[in-house]
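The block underneath contains the structure these notes are about, expressed in structure tokens.
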Amino acid sequence: MASRRKERARQPSGEELELEVERLVNGPGAMGHAPDGRVVFLSEGLPGERVRAQVQSGKSNYLRARVVRVLGEAAADRRAPPCPVVTLCGGCPWQELEYEAQVVAKQDVVLREIERACRTRPEEVHDPIVGSQWRARHRIRLAVGRAGGGAPIVGYRGRGKHEIVPIEDCPIAREELSAALPLARGLAEREKTVREIELSVDDRGVVRLRGVCSPGKPPEAERLFGELTDLARRSEPPCPAPAGIAFEPAESSARWRTEAGDVLQRIVVASDMEIGVPLGVFTQVNADLNARLVAAVVGEVAGAGGRNVVDLYCGAGNFSLPLARAGVNVFGIDADDRAIAAARASAAKLGLDDRARFDTRVADDLALAGIESPPDVVVLDPPRTGAAPVLSAVLAARPSVLVYVSCDVATFARDARRFLAEGWSFSSLRLIDLTPQTYRAEVLGVFRLTW
């Protein structure tokens, strides 16, 4: 056994292996097994394909390898991707897989991650919520590169660390965003401090821009807004005029923010319910499926029968306000004071400020301190890093039901393990495919207090 481990450890970088791709993984690639039994994480490949792969790094129990070529027949679900830069851009690594197979693979990845971390599966797994696989994103984030004093390069981050892939269109983005790409290029040419540009379109079809800048003097938002409006007017083919523009520094320690025009996005979160979300405050990238996600959360809370709900990481009221309209009392908590101000404004406009209250609080052990009524239900929608900072506070409150929305299955599974250890059962799970063509999965998990 010792000699075999030694032989494994000597696996040289650059050596080529032939192996079969077994499944896709929670990352941009796939996995199989080397002839010596070690797991091999592959840069690409689809289940059922036999590939030749070049070893790039490894440990005694796994290797990482780059697929050199596919041997024999391609997988039955392999397709020609419509995006011309899919092999260069790092954003959509699953485009080569038929969409129905993507959903099956994503569900498999989610359940495997949960079973590995929790040693169990949910009692019920609902059918995934899916929508259009193309032209679905209402927000894209573009990088800006500047080399040698030439024209700036505007596009997506490539698969290499510093590579930027310029784009003329993006098949996963709403058509308004592709049409507005000249605005992003025009902004990069006019403002040299901009490092990233976020283009967004709201549910009224209105386009806005947000620039992430180097620290220092804030850009002149009014001047740039006027210049981009003029650029849109003169553009051929037609380019949508921006409704608003905002700038923020890349470093969180620098507190300035400057803006011009209308920076309030109008997002439909439920039937006949629209909320206002300022540029820079979190929204889901897929507005159509977000409304279906909201409906699923409201349904789970209604099924729990609770009257008092705490919505942690509530943002601008994406779940809080539809829940309040459904008749429950909601206390929304978020660390972003701009998000909380927007949620309060929407609550007042919708006539829900008697049932939906909001507070700016840091996500920590004291997040639930001083709440008047103990929550029957806690809704969690944390960032990709998970809900670890508030778990002690949530578990101490002992709500009957936890409704957890997550965009990262690994941190979701980690937190779920804690719930199970503290007396909650894993009642149900649902996949919501907000980001087709990628391995990323949005999940909705429900946990019920059993002891």
Side-chain angles (χ1 to χ4, degrees), residues 269 275 281-282 293-294 296-298 300-347 352-408 411-427 443-451:
V269 295
I275 66 173
V281 170
F282 175 78
L293 168 61
V294 169
V297 169
V298 171
E300 294 293 353
V301 173
R307 299 297 301 168
N308 296 313
V309 177
V310 169
D311 183 6
L312 278 162
Y313 308 94
C314 68
N318 189 54
F319 298 128
S320 300
L321 295 169
L323 284 168
R325 189 173 71 172
V328 300
N329 299 311
V330 186
F331 186 60
I333 298 172
D334 200 283
D336 187 337
D337 53 1
R338 295 177 61 243
I340 291 298
R344 288 171 175 162
S346 291
L352 295 171
D353 44 359
D354 60 331
R355 289 201 298 272
R357 296 180 298 114
F358 298 93
D359 193 18
T360 305
R361 299 189 181 196
V362 177
D364 60 14
D365 289 347
L366 300 177
L368 302 185
I371 293 179
E372 295 177 4
S373 302
D376 304 308
V377 180
V378 170
V379 175
L380 296 131
D381 185 13
R384 190 160 287 140
T385 51
V390 298
L391 285 192
S392 294
V394 170
L395 298 177
R398 309 300 286 177
S400 299
V401 177
L402 298 166
V403 179
Y404 192 148
V405 178
S406 172
C407 60
D408 188 287
T411 56
F412 172 85
R414 177 202 68 198
D415 295 342
R417 182 173 62 223
R418 180 90 180 270
F419 299 151
L420 298 179
E422 296 288 340
W424 280 263
S425 65
F426 200 157
S427 177
V443 294
L444 167 59
V446 179
F447 302 83
R448 300 184 184 279
L449 189 63
T450 56
W451 52 268

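Numbering of residues begins at 1 and proceeds along the displayed sequence.
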Distance (rounded to the nearest 0.5 Å) between [X] [atom1] and [Y] [atom2]:
{"X": "S320", "Y": "I340", "atom1": "OG", "atom2": "CD1", "answer": "8.0 Å"}
{"X": "R307", "Y": "R355", "atom1": "CZ", "atom2": "CZ", "answer": "8.5 Å"}
{"X": "E372", "Y": "N329", "atom1": "CD", "atom2": "CG", "answer": "10.5 Å"}
{"X": "W451", "Y": "E422", "atom1": "CH2", "atom2": "CD", "answer": "6.0 Å"}
{"X": "R344", "Y": "T360", "atom1": "CZ", "atom2": "OG1", "answer": "5.5 Å"}
{"X": "R361", "Y": "L368", "atom1": "CZ", "atom2": "CG", "answer": "7.5 Å"}

What are the two closest non-hydrogen atoms of [X] and [Y], and how far apart are they?
{"X": "L321", "Y": "S346", "value": "CD1-CB, 3.6 Å"}
{"X": "P383", "Y": "C407", "value": "C-SG, 4.4 Å"}
{"X": "A363", "Y": "P389", "value": "O-CB, 3.3 Å"}
{"X": "V377", "Y": "A304", "value": "CG2-CB, 3.9 Å"}
{"X": "L312", "Y": "V394", "value": "CD1-CG2, 3.5 Å"}
{"X": "F358", "Y": "G317", "value": "CE2-CA, 4.4 Å"}

With the side chain counted from C-beta on, respond yes when [X] and [Y] share a heavy-atom pair under 4.5 Å apart, and no when they do not.
{"X": "W424", "Y": "R398", "result": "yes"}
{"X": "N308", "Y": "F331", "result": "no"}
{"X": "R418", "Y": "S392", "result": "yes"}
{"X": "V405", "Y": "F319", "result": "yes"}
{"X": "L352", "Y": "R325", "result": "yes"}

Quick one: does any side-chain atom of [X] pair with a main-chain N or O of [Y] as donor and acceptor, under 3.5 Å?
{"X": "R338", "Y": "A316", "result": "no"}
{"X": "S406", "Y": "V443", "result": "no"}
{"X": "D334", "Y": "G315", "result": "yes"}
{"X": "S425", "Y": "S427", "result": "no"}

Is the ring centre of F447 less than 6.0 Å from the ring centre of Y404?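 When the ring centroids of F447 and Y404 are compared, they turn out to be at least 6.0 Å apart.
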
List the steps, then state whether side-chain contact (heavy atoms from CB on, under 4.5 Å) holds for L380 with V390. CA-CA 10 Å; L380 296 131; V390 298; 4.0 Å; yes

Among L444, V309, L323, find the residue that satisfies the side-chain contact (heavy atoms from CB on, under 4.5 Å) test when tested with V403. L444

